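I have placed the structure first, in the form of structure tokens, so that the comments after it can refer back to it.
Since this is a predicted model, take the numbers as computed values, not measurements. Every chain is numbered from 1 and lettered A, B, ... according to where its sequence line falls, protein lines coming before strand lines.
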Protein chains: 2
Amino acid sequence: MERNRHIYNCQEGCPIESTLQIISGKWKSVILYHLIKQDATHFGELSRQMKDCSRRMLALQLKELEDDGVIVKHQYPVIPPKTDYELTDFGQTLTPVILAMEKWGNYYNKVSAEKNDLTINA
Amino acid sequence: MERNRHIYNCQEGCPIESTLQIISGKWKSVILYHLIKQDATHFGELSRQMKDCSRRMLALQLKELEDDGVIVKHQYPVIPPKTDYELTDFGQTLTPVILAMEKWGNYYNKVSAEKNDLTINA
DNA sequence: CTGTATCCTTCTAGATACTG
DNA sequence: CAGTATCTAGAAGGATACAG
């Protein structure tokens, strides 16, 4: 059992600390993003979307999210086996955070592209 | 020079990945939170607010945020020396993300406290 | 006060092989 | 397909000492 997650303690009750406690895993917010967008709900789909995340890491991060009650795993005992992941009601409450990150990321990608254009055309 | 930051590559242009690129450092969002709230702008103040972040880590994270153009450092050559940190205009654009995290953290602290009460009174 | 440099331990995470 | 177990290299991060 790999159980040694970092405990944040910037200050008693710091809200950012609390949020990090749940979503700060290296790939957690990306997983949540895909689950919210529903463009990937199976292990394999997620793995394909997140090319630089190994299957081991993906499994670990999914496990932690499940332990924290953020997602649920549904297993279908068919051949070949199928699993999908879904946000719990509790996990759904994280949507605004993930969407804020999405919005900013899109903005950032845009300004980065523009800066690049300027550099190329300079 | 410590320069080996993880490069996220879930998918080309994934907005969450882009956001993580800037704020995923272990203490960065906490630093940004304090700068947004303006309850800590000096190195020592930040250090006091973030008890479990060593001075070394604090300095490293501040340096990366500065390199990324998110914050600026102002140094006053007085005795004793004084420094303060401020969000750049670019850094300001991250405010909605940090505030979404704050809001969720407060919600989470609340439900955790309630759950605790139930456990104690059970 | 605000950092930087170095050393050293702990943890992270990839590679690989294996299971239901 | 959907994972788990083990092994290992390399990165993260604390402690300490020193500098402007």
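Per the geometry, CG belonging to B:L58 stands 16 Å off C1' belonging to D:dA12, to the nearest Å. Atom C1' of nucleotide C:dT4 and atom CD of B:E66 are separated by 14 Å, given to the nearest angstrom. Rounding to whole angstrom units, CE of residue B:M57 and P of C:dA5 are separated by 16 Å. Taking atom CD on B:Q61 and atom C1' on D:dA11, their separation rounds to 14 Å, with Å as the unit. Between the P atom of D:dG10 and the NZ atom of A:K26 lies a distance of 15 Å, rounded to the nearest Å.
When hydrophobic side chains of Ile, Leu, Val, Met, Phe, Trp and Tyr are connected at separations under 4.5 Å, A:V72 ends up as a singleton with no cluster partners. By the 4.5 Å side-chain criterion applied to Ile, Leu, Val, Met, Phe, Trp and Tyr, A:V78 is assigned to a cluster that also includes A:Y76.
Annotation: the terminal axes of the helix from C:dC1-D:dG20 to C:dG20-D:dC1 meet at 50°, where each axis is the rotation carrying the C1' atoms of four end pairs onto the next four (5 pairs per end, rounded to 10°).
Atom CD of B:E114 is surrounded by more than 12 heavy atoms from other residues, nucleotides or ligands within 6.0 Å.
By the side-chain hydrogen bond (donor to acceptor under 3.5 Å, both in side chains) test, B:D39 is found to be paired with B:H34, residues two or more places apart in sequence or in another chain being considered. By the side-chain hydrogen bond (donor to acceptor under 3.5 Å, both in side chains) test, B:E86 pairs with B:H74, sequence neighbours left out. Take A:N109 and apply the side-chain hydrogen bond (donor to acceptor under 3.5 Å, both in side chains) test, not counting sequence neighbours, and it matches B:S18. Taking A:S54 as the reference, nothing meets the side-chain hydrogen bond (donor to acceptor under 3.5 Å, both in side chains) condition, with sequence neighbours excluded. When the salt bridge (charged side-chain N to carboxylate O under 4.0 Å, His left out) test is applied to B:K37, the partners found at least two apart in sequence or on another chain are B:E102.
Residue A:S54 places none of its side-chain N or O atoms closer than 4.0 Å to OP1 or OP2 of C:dA13.
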I'd like a table of atom pairs between the protein and nucleotides 1-4 of chain D - only N or O on both sides, under 3.5 Å - with the distance next to each one.
unit_1 : atom_1 : unit_2 : atom_2 : d
D:dC1  : O3'    : A:P81  : O      : 3.4
D:dA2  : OP2    : A:G44  : N      : 3.0
D:dA2  : O3'    : A:T83  : OG1    : 3.3
D:dG3  : OP1    : A:K73  : NZ     : 3.2
D:dG3  : OP1    : A:Y85  : OH     : 3.3
D:dG3  : OP2    : A:Y85  : OH     : 2.7

